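Fair warning: this is a prediction, and the values are worked out from it, not measured in the lab.
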Amino acid sequence: MQPGLETLDYSFPGTRAAGAFTPVLVGVVGSGNLEVLLEPAPGADCRFHIETSARGFGAIWAAVAQDFHTRHQLAGVQVSIHDMGATPAVVSLRLDQAAQELQP
């Protein structure tokens, strides 16, 4: 982790197993944007690991992660987010783009 970044971790029990898949990367880290990486993970949880330059917004990140999980119910997935100040709407868009890549 780089100095000045806040790290947040969340985990939700999933019901829709993602199965085996090649890691999915969407977005690009840059001024005001972020990247989202989905990787297979053992177990039935959807885990989020977030590194963000926007410190102090844990409650908003928790709400965005919960909203994504409520809509997709992924299981066996590690979600890694590297953020440089993206808005919640952009975060949700990138998460949905990544989840779309998992569709058969």
Side-chain angles (χ1 to χ4, degrees):
M1 182 177 76
Q2 296 176 356
L5 293 180
E6 182 170 16
T7 300
L8 304 164
D9 291 288
Y10 305 100
S11 184
F12 305 97
T15 58
R16 188 171 72 86
F21 65 93
T22 303
V24 174
L25 178 67
V26 296
V28 63
V29 176
S31 178
N33 212 326
L34 78 158
E35 69 181 13
V36 171
L37 174 66
L38 300 186
E39 299 174 284
D45 287 346
C46 182
R47 297 188 314 259
F48 287 78
H49 177 77
I50 301 161
E51 293 180 359
T52 178
S53 63
R55 301 178 68 79
F57 293 92
I60 293 172
W61 279 106
V64 169
Q66 178 65 61
D67 177 66
F68 172 80
H69 184 67
T70 297
R71 288 183 285 113
H72 296 281
Q73 294 293 314
L74 294 175
V77 174
Q78 172 69 44
V79 179
S80 299
I81 298 174
H82 301 105
D83 171 59
M84 294 303 285
T87 65
V90 171
V91 176
S92 290
L93 172 68
R94 293 285 180 251
L95 285 167
D96 287 345
Q97 287 174 326
Q100 186 66 31
E101 294 293 319
L102 300 181
Q103 301 300 319

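Val90 and Phe57 fall within a single hydrophobic cluster, where Ile, Leu, Val, Met, Phe, Trp and Tyr are joined by side-chain heavy atoms under 4.5 Å apart, directly or via other members. A single hydrophobic cluster is seen to contain both Val24 and Leu95, as judged by linkage of ILVMFWY side chains at heavy-atom distances under 4.5 Å, directly or through other members. Cluster annotation: Val26 and Leu34 are assigned to the same hydrophobic cluster (Ile/Leu/Val/Met/Phe/Trp/Tyr, side-chain heavy-atom contacts under 4.5 Å, transitive).
One finds the CD atom of Glu39 at 11.5 Å from the OG1 atom of Thr22 (value rounded to the nearest 0.5 Å). Separating the CE atom in Met84 from the CD atom in Glu51 is a distance of 11.0 Å, to the nearest 0.5 Å. Summarising the geometry, atom NE2 belonging to His82 is positioned 12.0 Å from atom OG belonging to Ser53; distances are rounded to the nearest 0.5 Å. The CD1 atom of Ile50 lies 9.5 Å from the OG1 atom of Thr7; values are rounded to the nearest 0.5 Å. With rounding to the nearest 0.5 Å, the separation of CD in Gln66 from SG in Cys46 is 10.0 Å.
Under the 4.5 Å side-chain criterion, counting only non-hydrogen atoms from C-beta, Gln100 is not in contact with Asp96. Two residues are said to be in side-chain contact when any heavy atoms from C-beta on lie closer than 4.5 Å; Leu74 and Leu102 meet this criterion.
Here the side chain of Arg16 pairs a donor or acceptor atom with the backbone of His72 at under 3.5 angstrom. Put simply, the side chain of Arg55 gets close to the backbone of Leu5: a donor and an acceptor are under 3.5 Å apart. Judged by distance alone, with hydrogens and angles left aside, the side-chain atoms of His69 form a donor-acceptor pair with the main-chain N or O of Pro13 at under 3.5 Å.
The side chain to side chain contact (heavy atoms under 4.5 Å, CB included) search around Pro88 returns Ile60, Val64, not counting sequence neighbours.
Residues Arg47 and Ala41 come closest through the heavy atom pair NH2-CB, 3.5 Å. Across every non-hydrogen atom of Ala75 and Ala44, the tightest pair is CB-O, 3.5 Å.
Every pair tested for salt bridge (charged side-chain N to carboxylate O under 4.0 Å, His left out) that includes a residue from residues 73-94 fails, sequence neighbours excluded, so the list is empty.
Taking the six-membered ring where the residue is Trp, Phe48 and Phe68 present perpendicular rings, their angle passing 60° and hence far from 30°.
Applying side chain to side chain contact (heavy atoms under 4.5 Å, CB included) to Ile81 and the options Val36, Thr52, Leu8 leaves one that passes, Val36.
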Quiz item: Going through the checks in order, is the side chain to side chain contact (heavy atoms under 4.5 Å, CB included) test met by Val79 and Tyr10?
Solution: CA-CA 10 Å; Val79 179; Tyr10 305 100; over 6 Å; no
